[in-house]
2 protein chains.
Amino acid sequence: MSERLTPHAPLTPAVLAILLSLAEDEKHGYAIMKDAVKPEFGGITLGPGTLYGTIDRLLRDRMIEETGTTDNERRRYYRLTSQGLKTVSAEIARLNAAVAQGRALGLIQPKGAR
Amino acid sequence: MSERLTPHAPLTPAVLAILLSLAEDEKHGYAIMKDAVKPEFGGITLGPGTLYGTIDRLLRDRMIEETGTTDNERRRYYRLTSQGLKTVSAEIARLNAAVAQGRALGLIQPKGAR
DNA sequence: TGACAATATATCCGTAACGGACATATATTC
DNA sequence: GAATATATGTCCGTTACGGATATATTGTCA
């Protein structure tokens with residue numbers, strides 16, 4: 001047995017960007033791609049291969065699902081599943097620990113600093 | 001042309017763990033492996049294949065270098081290069097933005113909260 | 001003292017992910 | 001009407017991951 005609670009242990013940057021984007025709201029692929037380049041979502045460039053390939057994997061692993069609705073026949077909207085939400089949350093918490101360590105080591109400016 | 005300033009754009013979890021561990025102090029491979037499972041360094045399990053394979057790549061890309069010194073003939077010590085330091089710092093800053101976004105979305109508890 | 005776990009590094013190799021190239025079609029803008 | 005943006009999709013070479021396996025030493029414990 002042993003259904004893994006988080007089959008994706010450390011998320012790849014592409015997976016994180018997509019899940020984080022969908023944590024904000026339901027979105028379609030192209031909108032996710034636009035989000036990904038923004039610093040808040042990781043600032044990465046998602047080529048179509050990575051974007052749709054990763055979406056397919058996330059659908060397969062039930063991290064995201066199609067909403068079924070659309071405002072434009074060309075768009076396919078996706079939303080996080082509860083599993084997906086758990087997974088991003090765990091990943092953000094994990095990254096938070098690493099960032100805290102980086103801050104402690106002086107790799108980045110402390111919060112309030114100028 | 002085009003020497004990339006940061007050949008490793010978003011770092012893989014394994015690379016981040018290794019660089020973050022070495023940002024603290026010079027270490028040998030096995031010590032890095034022990035560090036990696038700690039939450040502060042990402043909490044990931046580095047198998048020997050990933051560990052030494054990644055170390056070789058980081059040496060090749062001049063992110064880390066051997067110190068040459070050792071306190072035990074079996075141990076090979078590594079340290080960050082200035083390039084490696086820049087790279088981890090940039091990565092921590094990048095992740096910090098994502099963590100801030102995750103926090104804003106309520107994925108993790110805000111700092112002061114109990 | 002014999003066995004087992006931990007230390008320490010190294011290679012091999014199958015699987016998975018990445019990411020650029022290419023393709024296609026519509027809508028918009030100039 | 002041409003170019004750009006929107007929107008999704010496939011293909012495929014390169015790379016990274018990570019478990020298995022190997023080897024040798026040191027430490028522990030019954």
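Residue numbers begin at 1 in each chain, while the letters A, B, ... track the order of the sequences.
- Summary for the helix from C:dT1-D:dA30 to C:dC30-D:dG1: the axes at its two ends, each from 5 pairs, differ by 30° when rounded to the nearest 10 degrees.
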Every protein N/O lying under 3.5 Å from an N/O of nucleotides 7-9 of chain D:
{"unit_1": "D:dA7", "atom_1": "OP1", "unit_2": "A:R75", "atom_2": "NE", "d": "2.4"}
{"unit_1": "D:dA7", "atom_1": "OP1", "unit_2": "A:R75", "atom_2": "NH2", "d": "2.3"}
{"unit_1": "D:dA7", "atom_1": "OP2", "unit_2": "A:R75", "atom_2": "NH2", "d": "3.3"}
{"unit_1": "D:dA7", "atom_1": "O3'", "unit_2": "A:R74", "atom_2": "O", "d": "3.3"}
{"unit_1": "D:dT8", "atom_1": "OP1", "unit_2": "A:R76", "atom_2": "N", "d": "2.7"}
{"unit_1": "D:dT8", "atom_1": "OP2", "unit_2": "A:G29", "atom_2": "N", "d": "3.2"}
{"unit_1": "D:dT8", "atom_1": "OP2", "unit_2": "A:Y30", "atom_2": "N", "d": "2.6"}
{"unit_1": "D:dT8", "atom_1": "OP2", "unit_2": "A:Y52", "atom_2": "OH", "d": "3.3"}
{"unit_1": "D:dT8", "atom_1": "O5'", "unit_2": "A:Y52", "atom_2": "OH", "d": "3.3"}
{"unit_1": "D:dG9", "atom_1": "OP1", "unit_2": "A:R76", "atom_2": "NH1", "d": "2.4"}

Distance-only donor-acceptor pairs under 3.5 Å for side chains of residues 17-25 of chain A, two or more places apart:
{"unit_1": "A:S21", "atom_1": "OG", "unit_2": "A:K27", "atom_2": "NZ", "d": "3.2"}
{"unit_1": "A:S21", "atom_1": "OG", "unit_2": "A:D35", "atom_2": "OD2", "d": "2.7"}
{"unit_1": "A:E24", "atom_1": "OE1", "unit_2": "A:K27", "atom_2": "NZ", "d": "2.9"}

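- Listed pair A:K34 / D:dT6 meets the phosphate criterion, a side-chain N or O lying under 4.0 Å from OP1 or OP2.
- Considering only side-chain N and O atoms, B:T54 lies under 4.0 angstrom from the phosphate OP1 or OP2 of D:dC17.
- Proximity of A:T12 to the phosphate of C:dC18: a side-chain N or O atom is located under 4.0 Å from OP1 or OP2.
- One atom, CG of B:L46, and another, C1' of D:dA16, lie 13 Å apart when rounded to the nearest Å.
- Side-chain contact between B:L11 and B:T87: present, with at least one pair of heavy atoms (C-beta onward) separated by less than 4.5 Å.
- Looking at residues two or more places apart in sequence or on another chain, you find a side chain to side chain contact (heavy atoms under 4.5 Å, CB included) between A:D71 and A:R75, A:Y77.
- Between B:L16 and B:L95, the closest side-chain pair of non-hydrogen atoms falls below 4.5 Å.
- Considering only residues two or more places apart in sequence or on other chains, B:E65 meets the side-chain hydrogen bond (donor to acceptor under 3.5 Å, both in side chains) condition with B:R79.
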When the side chains of residues 96-107 of chain B are checked against the rest of the protein, which donor-acceptor pairs come out under 3.5 Å, sequence neighbours left out?
{"unit_1": "B:N96", "atom_1": "OD1", "unit_2": "A:R103", "atom_2": "NH2", "d": "3.1"}
{"unit_1": "B:R103", "atom_1": "NH2", "unit_2": "A:N96", "atom_2": "OD1", "d": "3.2"}

